Amino acid sequence: MNRLLIQNGILIDPSQRIFEKKDLYIEDGIVKQVEDEICEIPEGTRLVDASGCWVMPGFIDLHVHFRDPGLTYKETVETGCKAAAAGGVTTVCTMPNTKPVTDCVEVVEEILEKAGKAPYTHLLPIAAVTIGQQGKEIVDLAALKEVGICAISEDGRSVMDSGIMKEAMRRCAQLQIPIFDHCEDESLAGGCINEGEVSRELGLPGLSRDAENAMTAREILLAESTGAQLHICHVSTKESAEIIRMAKAHGVRVTAEVGPHHFALSDEDIRREPHSKYKMNPPLRTPEDVEAMKVALADGTLDAIATDHAPHSAEEKTEDLQHSLNGIIGLETSFAISKKTLVDTGILSPMQLVEKMSTRPAQILGIPKGTLSVGSCADICVAAPNETYVIDDQFYSKAKNSPFIGWKVQGRVKMTILDGRIVFQDGKITEKEDLA
Ligand code: DOR
Ligand code: ZN
Ligand code: ZN
């Protein structure tokens, strides 16, 4: 039997409203006991001293790109899962813009088979909304659900035909599959990314705020009329946040996520330093938008923090801003950047941070995670909230396209536990041979 006792840590569990010193005893991957102090320790129990550390339900990242199959020079399921573990992330949802697109049972099965061989984090595949992400023919939802997808999404683009999107939502509502939505009206996307702001100075094309806002509104209206469970990805504009706020007040079944880059960085960063590490989709917005993201996180309009972990090779993130690909990695920096920007500044409490990174994402997925209550799975992140360090480029991800290299942060993931087994400790991944 596999026994683990985490002692003297500060347990942060939003599901039980606990923020206090507790011991946590785990047996065969299940949380068995949560007490102020556990004194009777069964023989053979591995002890973990978590003095001064936060002990949290493992983070759940609703939005990552692992590029497998097809673009494995950027990332593989194996390297992506290791990056997750190094970031305290115990469940990831992988986006379907792989090559071929994740639009059928065979590709989902291939991803799940690879995930089975990368036991560092739990992986839940997201399938595309339409075949080949071409916006025409809806995927076979029933078959995909059967094989284990957690949601569908056209991430990277939107389904432009409203009739097809409505039909996809109708089927999602019927089969109870969430729909994760990248909001980008392509007919409005062409202009400069911030319509007259920094992107125009730099001559950068991209997702305009109108393109994001208009599509957010359409999707919410369609979700209301079909009853689908809609989740808005990477919100970046203040108008989008306001639309979601109003929809929630009207009782629409909608949730939303924001990426750390959209509350930690603004277009002033790319103006100051026109570098491809600041190029992503949606793009960095104005300081006013960044403020709006923080307000929306605090008031619950934004439910979750998700990274949009988007690995690219060094060649693809060229010096040439025009031709560089969109996207940044985020799994290994998400906790530290979120803590620095939101908790150290008093915008969110530690409990609210854990809610955004674990408990709410689990609720959105409808899975019994995001909690450390007795009987739940022992997926855990232990982090030292006061440890100060500078983020370097030594990532487990294959990619290095992070704008946060060089940032001084306070808060380091010390240990990640997956189903009661230590998969990451003191900077090192436990190789799978040693996990058995
Ligand atoms: O920055 C982005 N990168 N935004 C997207 O929508 C897609 C993603 C990717 O796949 O690289
Ligand atoms: Zn997207
Ligand atoms: Zn994405």
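Both counts, for ligands and for their atoms, begin at 1 and track the order of listing. Quantities reported herein were computed from a predicted structural model and do not represent experimental measurements.
- Protein heavy atom at the shortest distance from atom 2 (C) of ligand 1 is N281 O, 3.6 Å.
- Regarding atom 8 (C) of ligand 1, its nearest protein heavy-atom neighbour is H65 NE2, 3.8 Å.
- Distances shorter than 4.0 angstrom do not occur between any heavy atom of E184 and any atom of ligand 1.
- By the 3.5 Å distance cut-off applied to N or O atoms, H234 is not counted among the residues near ligand 1.
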Q: Starting from the C-alpha separation in whole Å, work towards a yes-or-no answer on salt bridge (Lys or Arg N to Asp or Glu O under 4.0 Å) for E212 and R285.
A: CA-CA 12 Å; E212 178 173 341; R285 305 283 188 197; 3.0 Å; yes

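- Just one residue in the list L112, V107, V105, I111 forms a side-chain contact (heavy atoms from CB on, under 4.5 Å) with E109, and that residue is V105.
- Within the listing of ligand 1, atoms 1 (O) sit less than 4.0 angstrom from a heavy atom of M280.
- Salt-bridge check for R412 with E387: passed, with a basic side-chain N closer than 4.0 Å to an acidic carboxylate O.
- Taken from NZ in K279 to CG in L325, the straight-line distance is 7.5 Å, to the nearest 0.5 Å.
- The aromatic rings of F180 and H231 lie tilted to each other, with the angle between the two planes from 30° to 60°.
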**Q.** Intermediate values then yes/no, salt bridge (Lys or Arg N to Asp or Glu O under 4.0 Å), R157 and E186
**A.** CA-CA 8 Å; R157 60 193 306 190; E186 286 168 20; 3.3 Å; yes

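- At least one donor-acceptor pair under 3.5 Å links the side chain of R253 to the backbone N or O of G227.
- Looking only at heavy atoms of the protein, atom 11 (O) of ligand 1 is closest to R67 NH2, 2.7 Å.
- Atom 3 (N) of ligand 1 has its closest protein heavy atom at N326 O, 3.3 Å.
- The distance from the OG1 atom of T255 to the CG atom of L302 is 10.0 Å, given to the nearest 0.5 Å.
- Counting the atoms of ligand 1 from 1 in the order shown, those under 4.0 Å from a heavy atom of H312 are 11 (O).
- Side chains of I364 and D303 form a contact here, defined as non-hydrogen atoms less than 4.5 Å apart.
- Interface atoms of ligand 1 facing G156, defined by a heavy-atom separation under 4.0 Å, are 6 (O).
- Relative ring orientation between F19 and W54 is described as perpendicular, the plane-to-plane angle rising above 60° on a 0-90° scale split at 30° and 60°.
- Excluding waters, the set of protein N/O/S atoms under 2.8 Å from the Zn ion (ligand 2) reads D155 OD1, H182 ND1, H234 NE2.
- The nearest heavy-atom contact from the protein to atom 6 (O) of ligand 1 is H182 CE1, 3.1 Å.
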Q | K74 vs E316, salt bridge (Lys or Arg N to Asp or Glu O under 4.0 Å): CA-CA, chis, key distance, verdict | A | CA-CA 10 Å; K74 299 178 196 252; E316 291 166 331; 3.1 Å; yes

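- Under a 4.0 Å criterion applied to the non-hydrogen atoms of G327, ligand 1 contributes the atoms 1 (O), 2 (C), 3 (N).
- Only the side chain of N97 comes within contact range of ligand 1, with a heavy atom under 4.0 Å; no backbone atom does.
- Note that the CG atom of L331 and the NE2 atom of H65 stand 11.0 Å from one another [nearest 0.5 Å].
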